[in-house]
Enquirer: 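Below you will find the structure I want to go over with you.
Keep in mind that what you see is a predicted model, and the values were worked out from it rather than measured.
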Amino acid sequence: MATNPEEKNQQYITAPTLYTAVLEHEETIPLSDIAAITRGKKTGANPIFILDADTVRARTIDDRFLRPAVKSVKELDGYEHAAADAEKWMLDMDDYVSEVASELAFESTSGTSGNLAASVTSALKRDGYDGVLSYLRWAERQPSRSNKSVELNDPWFNTGSLDDDTAPIVCPQAMDTHRFFARTDEKIVASNRFLLVRPTAIDSALLLGLLNSSLSKIVIESHGRVTGGGAINLSSSDLRTLRVVNPDSLTDEQKEAVRNGFETLAGGDESGRDDIDDVVSFVLGLDLRIDEMREIARTLKLARRKKGQEVSSLIRNVDELESRIEMDFGDASWRER
């Protein structure tokens, strides 16, 4: 949410009624109740630590020093992104540095240990890793090498373990596409331009389905903040407080419909969202057709892109659509229909 109270309150004032209703609905919960949210890897110097295919090939960097990575939302093509789809790689020196550090610890008993950075570069030369050694020498001369966070590394080219920077679900912090949440194989490292979602009380396919519903688009449009470029920006705290349908309110049959809907989406068929939206609409008691829900999402997106221009007419469109919505907030009798 917004960082100061006035901006935060303004979101509620200008948000569509449907968004406020979702916040207050007894069948929705904060995403943090069922998933852990963290930020992707902050390298401190992406021009050095995130490499493209041409650089990897030209420098002949050994695979042991590379991890498949995703740097930008532009690299996502669909609802799945695996190591095999990677267009970027993150420099991963941690295991090798640890090996050299262990050697130094052993040698320190005889007083022969020395500077870790120098020892690692010597070991690289000894072990024949000329490609990565050449790359590190090039990187040493780059402006971003002097960034404060890079200086704090020991040695400067070791950003630490990347094992905690993977997750089954990734979400771009700034988004303007219709794809908000993507599944990974947990082998690809996401940059700090992404938020990482690790389900704790729900399976990934079910959560991915709920997060990619049309209603989620509406909630995100109102919940996030608009950047200068017109994209929606979500912080870690924004995503933690994002309201989603409580999976415990779904029957086993409904859960399976949501999972299958996401698998259909992941397979490239947008009709999979229909099954997801049907379940979400029923569970929340929305008297709203799927096409109406999607029109609200499209209108909010257009209003955001217009950034205030002709917004009045667009908001009137949303109001007209919402005037046909009926929601039940306490009486469960509607489920019997």
Side-chain angles (χ1 to χ4, degrees), residues 38-77 80-108 112-167 170 172 182 184-194 196:
T38 58
R39 195 177 179 185
K41 182 66 175 180
K42 183 178 181 180
T43 68
N46 283 352
I48 289 177
F49 294 108
I50 299 182
L51 295 69
D52 60 23
D54 289 340
T55 301
V56 170
R57 184 167 48 251
R59 297 282 181 174
T60 61
I61 299 175
D62 193 274
D63 287 346
R64 74 165 295 178
F65 301 111
L66 300 169
R67 289 284 290 271
V70 56
K71 177 183 178 182
S72 166
V73 66
K74 294 178 182 179
E75 297 161 33
L76 298 182
D77 183 22
E80 292 187 291
H81 198 71
D85 303 314
E87 300 175 7
K88 300 285 193 301
W89 287 263
M90 196 167 288
L91 190 65
D92 184 6
M93 301 296 299
D94 191 58
D95 286 346
Y96 192 82
V97 168
S98 296
E99 292 174 10
V100 174
S102 296
E103 294 174 7
L104 287 177
F106 175 77
E107 293 171 359
S108 66
T112 58
S113 62
N115 176 273
L116 183 56
S119 296
V120 171
T121 54
S122 294
L124 289 170
K125 184 175 182 180
R126 176 198 67 198
D127 295 338
Y129 293 121
D130 296 334
V132 71
L133 181 58
S134 172
Y135 182 76
L136 292 178
R137 286 172 175 163
W138 168 84
E140 182 84 48
R141 302 189 298 271
Q142 304 311 303
S144 54
R145 160 66 180 88
S146 59
N147 291 353
K148 183 178 292 186
S149 56
V150 176
E151 293 284 357
L152 295 175
N153 295 337
D154 185 26
W156 70 264
F157 47 77
N158 182 26
T159 59
S161 173
L162 301 179
D163 293 340
D164 292 333
D165 298 298
T166 63
V170 296
T184 82
D185 57 1
E186 298 188 66
K187 295 179 181 178
I188 195 158
V189 178
S191 77
N192 63 335
R193 296 182 183 179
F194 288 86
L196 311 181

Enquirer: Does any N or O in the side chain of Asp185 come within less than 3.5 Å of the main-chain N or O of Ala83, such that one atom is a donor and the other an acceptor?
Expert: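 The answer is yes, because a donor-acceptor pair under 3.5 Å joins these two groups.
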Enquirer: Would you name the heavy atoms of Ala86 and Ile188 that are closest together and state the gap between them?
Expert: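 For Ala86 and Ile188, the tightest heavy-atom pair comes out as CB-CD1, 4.1 Å.
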Enquirer: Taking Ala117's backbone N and O only, do any of them form a donor-acceptor pair with Asn115's side chain (distance below 3.5 Å, no angle check)?
Expert: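 Such a contact is found between Asn115 side chain and Ala117 backbone.
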Enquirer: Taking all non-hydrogen atoms of both residues into account, name the closest pair between Leu196 and Arg39 and its distance.
Expert: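 Minimum heavy-atom contact is CD1-O, 3.9 Å.
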Enquirer: Mind checking whether Ile61 and Leu66 have side chains closer than 4.5 Å, heavy atoms only?
Expert: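 Touching, per the 4.5 Å side-chain cut-off.
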Enquirer: Are side-chain heavy atoms of Leu162 and Met90 found at a separation under 4.5 Å?
Expert: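 Yes, close enough: below the 4.5 Å cut-off.
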Enquirer: Is a side-chain donor-acceptor pair under 3.5 Å present for Thr43 with Asn46?
Expert: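 The answer is yes; a qualifying pair exists.
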Enquirer: Indicate the atoms forming the closest heavy-atom contact of Lys187 with Thr166, along with that distance.
Expert: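 Looking at all heavy atoms of both residues, the shortest contact is C-CG2, 4.4 Å.
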Enquirer: Show the nearest heavy-atom pair for residues Ala123 and Val100, with the distance to one decimal.
Expert: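 Nearest heavy atoms, Ala123 then Val100: CB-CG2, 3.8 Å.
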Enquirer: Once rounded to the nearest 0.5 Å, what's the spacing between atom CZ of Arg57 and atom CG of Asp52?
Expert: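 So the CZ of Arg57 and the CG of Asp52 are separated by 8.5 Å.
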Enquirer: Can you name the closest pair of heavy atoms from Val150 and Ala45 and give their distance?
Expert: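 Heavy atoms only, the tightest pair is CG2-CB, 3.7 Å.
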Enquirer: Does the side chain of Leu116 reach to within under 4.5 Å of the side chain of Leu104, using non-hydrogen atoms?
Expert: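 Leu116 reaches Leu104 side chain to side chain.
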Enquirer: Could you go through the side-chain contact (heavy atoms from CB on, under 4.5 Å) check for Ile48 and Phe157 one step at a time?
Expert: CA-CA 9 Å; Ile48 289 177; Phe157 47 77; over 6 Å; no
Enquirer: Taking the side chain as every heavy atom from C-beta outward, state whether Lys41 and Phe49 have any pair of such atoms under 4.5 Å apart.
Expert: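 Lys41 does not reach Phe49 side chain to side chain.
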Enquirer: How long is the straight-line distance from CZ of Arg193 back to NZ of Lys74, given to the nearest 0.5 Å?
Expert: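 The distance works out to 8.5 Å.
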Enquirer: May I have the step-by-step check of ring pair (Phe, Tyr, Trp, His ring centres under 6.0 Å) for Tyr135 and Phe65, ending in yes or no?
Expert: CA-CA 11 Å; Tyr135 182 76; Phe65 301 111; over 10 Å; no
Enquirer: Where the side chain of Glu75 meets the backbone of Ser72, is there a donor-acceptor pair that is under 3.5 Å apart?
Expert: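 Checked: pair present.
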Enquirer: Could you tell me whether Arg64 and Glu99 have a side-chain N and a carboxylate O separated by less than 4.0 Å?
Expert: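 Salt bridge between Arg64 and Glu99, a charged N being under 4.0 Å from a carboxylate O: yes.
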Enquirer: Is there a donor-acceptor contact under 3.5 Å from the side chain of Asn158 to the main chain of Gly160?
Expert: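 Side chain of Asn158 to backbone of Gly160, a donor-acceptor pair under 3.5 Å: yes, one is there.
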Enquirer: With a 4.0 Å cut-off, would you call Lys42 and Asp165 a salt bridge?
Expert: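 Result for this pair is no, no salt bridge flagged.
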Enquirer: So Tyr96 and Asp127, do their side chains get closer than 4.5 Å, heavy atoms only?
Expert: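 When only atoms from C-beta onward are counted, Tyr96 and Asp127 do touch, with a gap below 4.5 Å.
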Enquirer: Is there a donor-acceptor contact under 3.5 Å from the side chain of Thr121 to the main chain of Leu133?
Expert: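 No, because the side chain of Thr121 does not come within donor-acceptor range (under 3.5 Å) of the backbone of Leu133.
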Enquirer: Would Asp130 and Arg137 satisfy salt bridge (Lys or Arg N to Asp or Glu O under 4.0 Å), going step by step from the backbone distance to the final call?
Expert: CA-CA 11 Å; Asp130 296 334; Arg137 286 172 175 163; over 6 Å; no
Enquirer: Does either side chain, that of Asp95 or that of Ser98, offer a donor lying less than 3.5 Å from an acceptor on the other one?
Expert: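 Side chains of Asp95 and Ser98: no pair found under 3.5 Å.
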Enquirer: Would you compute the distance between atom CG of Leu76 and atom NE2 of His81 and round it to the nearest 0.5 angstrom?
Expert: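 It is 5.5 Å, given to the nearest 0.5 Å.
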Enquirer: For the residue pair Leu136 and Leu91, establish whether any side-chain heavy-atom pair is separated by less than 4.5 Å.
Expert: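 In short, these two side chains touch, coming nearer than 4.5 Å.
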